[in-house]
Amino acid sequence: MTVRTRFAPSPTGYLHIGGARTALFNLLFARRHKGKFVLRVEDTDVARSTQESIQAILDGMEWLGLNWDEGPFFQSKRFDEYRKRAGELLEKGLLYRCYCTPDELESRREAAMKAGRPPMYDGRCRERTDQPGLPFALRFRVPPGATSFKDEIKGVISFENSTIEDLVVLRSDGTPTYNFCVVVDDAEMCMTHVIRGDDHINNTPKQILLYRALGYEAPVFAHLPMILGSDKTRLSKRHGATSVMAYKEMGYLPHALVNYLARLGWSHGDQEIFSIEELIEKFSLESVGKSSGVFNPEKLLWLNQHYIKSSSPEELTPLMLPFWKELGVDASGDPRLPAIIKTLQERARTLKELAEGSLFYFRETVDYDPKAREKFLTPESAELFEELLKRLSALPSFTEKELEAAFNSLLEERGLKLGKLAQPVRVALTGGTVSPGIFETLSAMGRDIAIKRLADAAALAKRSADHQGK
RNA sequence: GGUCCUAUCGUCUAGAGGCCUAGGACGUGGCCCUCUCAAGGCUAAAACCGGGGUUCGAAUCCCCGUAGGACCGCCA
C-alpha cells in the first residue's frame, strides 16, 4: 500500500511555525516512503474561514518549498458527502438527534465546571424518542468500553470511552463538524498515516470510534510534540513572529527555516545541517522526540547565516532586490551586485542585515560617523590618500590582488603597518570603522567611486587640519 | 475538576542496561588568527526533576510523587 499523508490546515489565519513543521514532517514522511502528500483545507467553519487565509497558507507553503502532490481539497465543497454519511449513521442508530440549544449547553458546561464536574455533554437526548419540530444537532452515540491505539511517536495510548462525550457530528444548521469531516476525508482520501500536533491526541479516540462506525479501518497515527515559546507556553505572537511569511520578510532563507524546523523535535545523531534530499532520506517517525520543544530564534539565526554564507552571490542577488528596495535603494541592474554581496555574506545573519550593511556602496555621498572622521581623517592620512590615489589610478585593474600589492608597496616605503592605512581608507570609503576587508570593499565598490571617495576624504582631512591649525 | 501527554546543559538534542569521566549544536566566557567587523580554529563553564524498586550494573526498565503542557465547543 502506498503511503499517503496530508496537511490539513484550517484557513483562519496565516501559516504559522507549528503548522509549517507539521506540513514538513508529513511531506518528508511521504517522500521518504515514495508516497503522496496531500493538502486539504479544513474550512467547515464557514464563519471563520477566509479566502485571504487560504492564500496566505498556500503562499507560505510555496515559499518553504512544501509542494503537495494532490489538492488542495476543500471540505466546504464536500458537505453533501458528509451529510450523506451522517444520514447513514443515523439510519443505523449510531447517531441521535439532540435538541439542546447551544445556549443551554453553554450554561450547563459552566455550571458543571463550577461544581467541579467534567464539562461534558450529559447525554440527555440519547434515549429521546419524540421528535418535536425543533432544530436539532446529530450526535454520535459513543459506545461503552475502551479505545486505544498505538501512536508511532508516543506509544500505546488508551482511553475509557466513558470519558469521551457524545460529540456533535452535524450541527443544527446542517453543517458537519471537524471530527466527522476529518474521518470521512482521511478514510475516503485513503490516508495511511495521520501526522499532526499532539493537541489532537484527545480527539483521536473519538475519530477511531467514528472510523469503526463508518466501517473504515483507522490509519496509523503519529502525534508531534508542540512547539513552545521561550516561557514554555504554547508558541504565540507574544514570543515574536509566528507567521512563516514574516520570516521571509525578515530576510530568512526558506531552507534555513526548513532545516531549523526539521531539527526541532527530530534528530539524526549529531547532525545539524541537512539538505532537503538528506532530510527525505533520513527522516523517520522513530527519531521524532516525544517532548515539546522551545522555539529558539538564535539557532535559527545561526542556520540562516550558515545558508547565506554557503549560497553563491548569484543565487542571493535576486533575493536581495526587495530588501534593497525596502531601504530605498534601486539596485537592480547594478553590475557590482554579486561582488558586493560576496563581501558581506559571512557578515550577515539575514538578508535584511546584508542589505543594511551594503548601504554605503550605494550612497551618493559618504555619511561620515563624526568620531571616525575625527580620529582617522587626519592630515597624515590626507597625504597618504593622495599618494594612494596616484597608485590606484595607475592600476591595470581593480582586483583585490593588485590592490593589496599597491597598498603593500606604499606601506613598505613608509614603514607602516596595514592598520595605519586600512582604517582611514575604510572611513573614507564607508564613513565608519566597520566594513568587510578593505581590499574586497575597494574592489567591489569599483574604481571610479572608490577614487572619488578617497579624494573627497583627502580634501576633507586637509580642511580639518586647517581648522585645527588655527 | 476530568482525561491524556511529557521530563538529559539556559535552548535544540545524542543516548535503545555496562561503550557515560553523559557526546554534539545554538547561545555565553577565554585564547588564537587579524586591516575593523565577521567568519574560522582551539578552549571553558553548563544537564540525567525527586523518591522508591528491578538488576552484578540504570540517564536508559517499572512504580509513586513533583513539575510542565494539551484537550475537555453545534472551533479546527
Side-chain angles (χ1 to χ4, degrees), chain A residues 8-12 42-45 47-49 75 98 100-102 105-106 109 112-121 135-139 151 153-155 157-160 162-165 167-173 175-179 181-182 197-205 223 225-226 228 230 232-234 260 263-273 286-287 289-303 305 309 344-349 357 372 407 411 417-427 430 432-439 441:
Chain A
S10 67
T12 52
E42 313 239 311
D43 53 353
T44 51
D45 186 347
R48 295 205 306 153
S49 301
Q75 292 190 322
C98 172
C100 302
T101 67
L105 293 167
E106 179 59 32
R109 220 184 338 267
M113 288 273 233
K114 232 178 222 167
R117 281 177 291 119
M120 224 170 84
Y121 177 65
F136 60 85
L138 253 29
R139 279 186 192 272
D151 189 279
I153 293 169
K154 311 257 185 186
I157 302 177
S158 313
F159 296 83
E160 284 299 326
S162 59
T163 65
I164 304 169
E165 74 171 348
L167 60 149
V168 169
V169 154
L170 218 57
R171 300 183 184 99
S172 46
D173 65 1
T175 60
T177 61
Y178 165 76
N179 278 116
C181 298
V182 183
D198 70 10
D199 48 340
H200 284 289
I201 286 181
N202 288 296
N203 282 326
T204 308
H223 288 97
M226 297 273 91
L228 274 22
S230 48
K232 305 220 174 196
T233 62
R234 202 180 171 145
Y260 178 73
R263 275 290 285 104
L264 217 198
W266 172 83
S267 63
H268 183 77
D270 286 340
Q271 190 172 347
E272 296 287 349
I273 306 293
E286 254 186 5
S287 327
K290 295 179 181 190
S291 54
S292 45
V294 174
F295 184 83
N296 183 350
E298 294 292 325
K299 189 157 182 180
L300 207 210
L301 227 29
W302 171 75
L303 273 165
Q305 179 171 40
K309 222 161 49 184
L344 289 156
Q345 266 177 281
E346 61 189 27
R347 295 171 165 81
R349 297 185 299 175
F407 268 62
L411 257 16
K417 292 256 193 199
L418 177 57
K420 286 287 175 203
L421 184 54
Q423 278 304 81
V425 170
R426 197 183 312 279
V427 175
T430 72
T433 54
V434 175
S435 88
I438 202 65
F439 307 122
T441 303

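The sequence lines fix the lettering, A, B, ..., with proteins before strands; numbering per chain opens at 1. Computed from a predicted structure; not experimentally measured.
Mapped onto RNA chain B by nearest heavy atom, A/L418 and A/L228 fall at different nucleotides, with A/L418 at the one closer to the 5' end. Nearer the 5' end of RNA chain B, as judged by each residue's closest nucleotide, is the contact made by A/W266, out of A/S435 and A/W266.
Between A/M120 atom CE and B/rG2 atom C1' there is a gap of 9 Å when expressed in whole angstrom units.
Checked against B/rA7, B/rU13, B/rC26, the side chain of A/S267 finds its nearest nucleotide in B/rU13. Of the candidate nucleotides B/rC4, B/rU36, B/rG73, B/rG73 has the atom lying nearest to any side-chain atom of A/P119. Which of B/rA25, B/rC4, B/rA76 sits closest to the side chain of A/I201 comes down to B/rC4. Proximity note for A/D45 (side chain, C-beta onward) versus B/rA76, B/rA16, B/rG2: the nearest is B/rA76. Side-chain proximity of A/K154 to the nucleotides B/rC5, B/rC72, B/rU3 is greatest for B/rC5. The side chain of A/W302 sits closest to B/rG27 out of B/rC72, B/rG27, B/rU36. Checked against B/rA7, B/rC26, B/rA70, the side chain of A/D199 finds its nearest nucleotide in B/rA70. Candidate nucleotides B/rC74, B/rU6, B/rA38 were compared by shortest atom distance to the side chain of A/V168, and B/rC74 ranks first. In the set B/rA39, B/rA76, B/rC35, the nucleotide with an atom closest to the side chain of A/E346 is B/rA39.
Between atom CG of residue A/L138 and atom CG of residue A/L167 there is a gap of 11.0 Å, rounded to the nearest 0.5 Å.
If you check every strand for non-hydrogen atoms under 4.0 Å, A/E272 touches a base. Residue-level contact check: A/T433 touches the bases, meaning some heavy atom is under 4.0 Å from a base atom. Counting any heavy atom pair closer than 4.0 Å across all strands shown, A/C181 reaches no nucleic acid atom. Among the heavy atoms of the strands lying under 4.0 Å from A/I438 is at least one base atom, whether or not backbone atoms are also near. Using a 4.0 Å heavy-atom criterion, one finds that A/L105 contacts the bases of the nucleic acid, with or without backbone contacts as well. Within 4.0 Å (heavy atoms only), A/T12 reaches no atom of the nucleic acid at all. In this structure, A/Q305 reaches the sugar-phosphate backbone alone: every heavy-atom distance under 4.0 Å involves primed, P, OP1 or OP2 atoms, never a base. Heavy atoms of A/G437 sit under 4.0 angstrom from at least one base atom.
A distance of about 30 Å separates the P atoms of B/rC49 and B/rC42, rounded to the whole Å. Look at the P atom in both B/rU21 and B/rA47: the space between them is 16 Å, to the nearest Å. For B/rG23 and B/rU66, the C1' atoms lie 29 Å apart once the distance is rounded to whole Å. Taking atom C1' in both B/rU36 and B/rA44, one finds a spacing of 27 Å when rounded to whole Å. B/rC5 and B/rC63: their P atoms are spaced 12 Å apart (whole Å). Nucleotides B/rC61 and B/rG18 place their C1' atoms 15 Å apart, quoted to the nearest Å. One C1' atom belongs to B/rA14, the other to B/rC20, and the distance between them is 12 Å to the nearest Å. On the C1' atoms, B/rG30 is 15 Å away from B/rA46, given to the nearest whole Å.
Panel note: side chain A/R109, backbone A/Y121; no donor-acceptor pair is recorded below 3.5 Å. A distance-only check finds no donor-acceptor pair linking the side chain of A/S292 to the backbone of A/L228 [under 3.5 Å]. The backbone N or O of A/V427 lies less than 3.5 Å from no partner atom in the side chain of A/T430, so there is not a single donor-acceptor pair.
Put simply, the side chain of A/S291 does not reach to within 4.5 Å of the side chain of A/P225, judged on heavy atoms.
A/Q271 contributes no side-chain N or O that forms a donor-acceptor pair with the base of B/rG24 under 3.5 Å. At a cut-off of 3.5 angstrom, counting only N and O atoms as typed in the model, there is a donor on one side and an acceptor on the other between the side-chain of A/S172 and the base of B/rC74.
Within the 4.0 Å cut-off from OP1 or OP2 of B/rC74, at least one side-chain nitrogen or oxygen of A/R139 is found. Using a 4.0 Å cut-off, some side-chain N or O of A/R234 falls inside it from OP1 or OP2 of B/rC71. Neither OP1 nor OP2 of B/rA7 sits under 4.0 Å from any side-chain N or O of A/K232. Between A/R263 and B/rU13, a side-chain N or O to OP1/OP2 separation shorter than 4.0 Å is absent. For B/rU6, neither phosphate oxygen OP1 nor OP2 lies less than 4.0 angstrom from any side-chain nitrogen or oxygen of A/S292. Between B/rA76 and A/T177, no contact under 4.0 Å exists linking OP1 or OP2 to a side-chain N or O. Proximity of A/K309 to the phosphate of B/rA38: no side-chain N or O atom is located under 4.0 Å from OP1 or OP2.
Under the Watson-Crick or G-U wobble criterion, with both distances below 3.5 Å, B/rA7 is paired with B/rU66. Pair assignment for B/rU54: none, as no Watson-Crick or G-U wobble contacts are both less than 3.5 Å. Of all nucleotides present, none satisfies the Watson-Crick or G-U wobble test against B/rA46 with each distance under 3.5 Å. In this structure, B/rC37 forms no base pair with any nucleotide, since neither Watson-Crick nor G-U wobble geometry is met with both distances under 3.5 Å. If you check B/rG73 for Watson-Crick or wobble pairing at under 3.5 angstrom, you find it has no partner at all. Applying the Watson-Crick and G-U wobble criteria (two distances, each under 3.5 Å), B/rA14 pairs with nothing in any strand.
Of the charged side-chain nitrogens involved, at least one lies within less than 4.0 Å of a carboxylate oxygen, so that A/R234 and A/D199 count as a salt-bridged pair.
Evaluation of the salt bridge (charged side-chain N to carboxylate O under 4.0 Å, His left out) rule for A/E272 yields A/R263, A/K299 as partners, not counting sequence neighbours.
In this model, no donor atom of one side chain and acceptor atom of the other lie less than 3.5 Å apart for A/T12 and A/R48.
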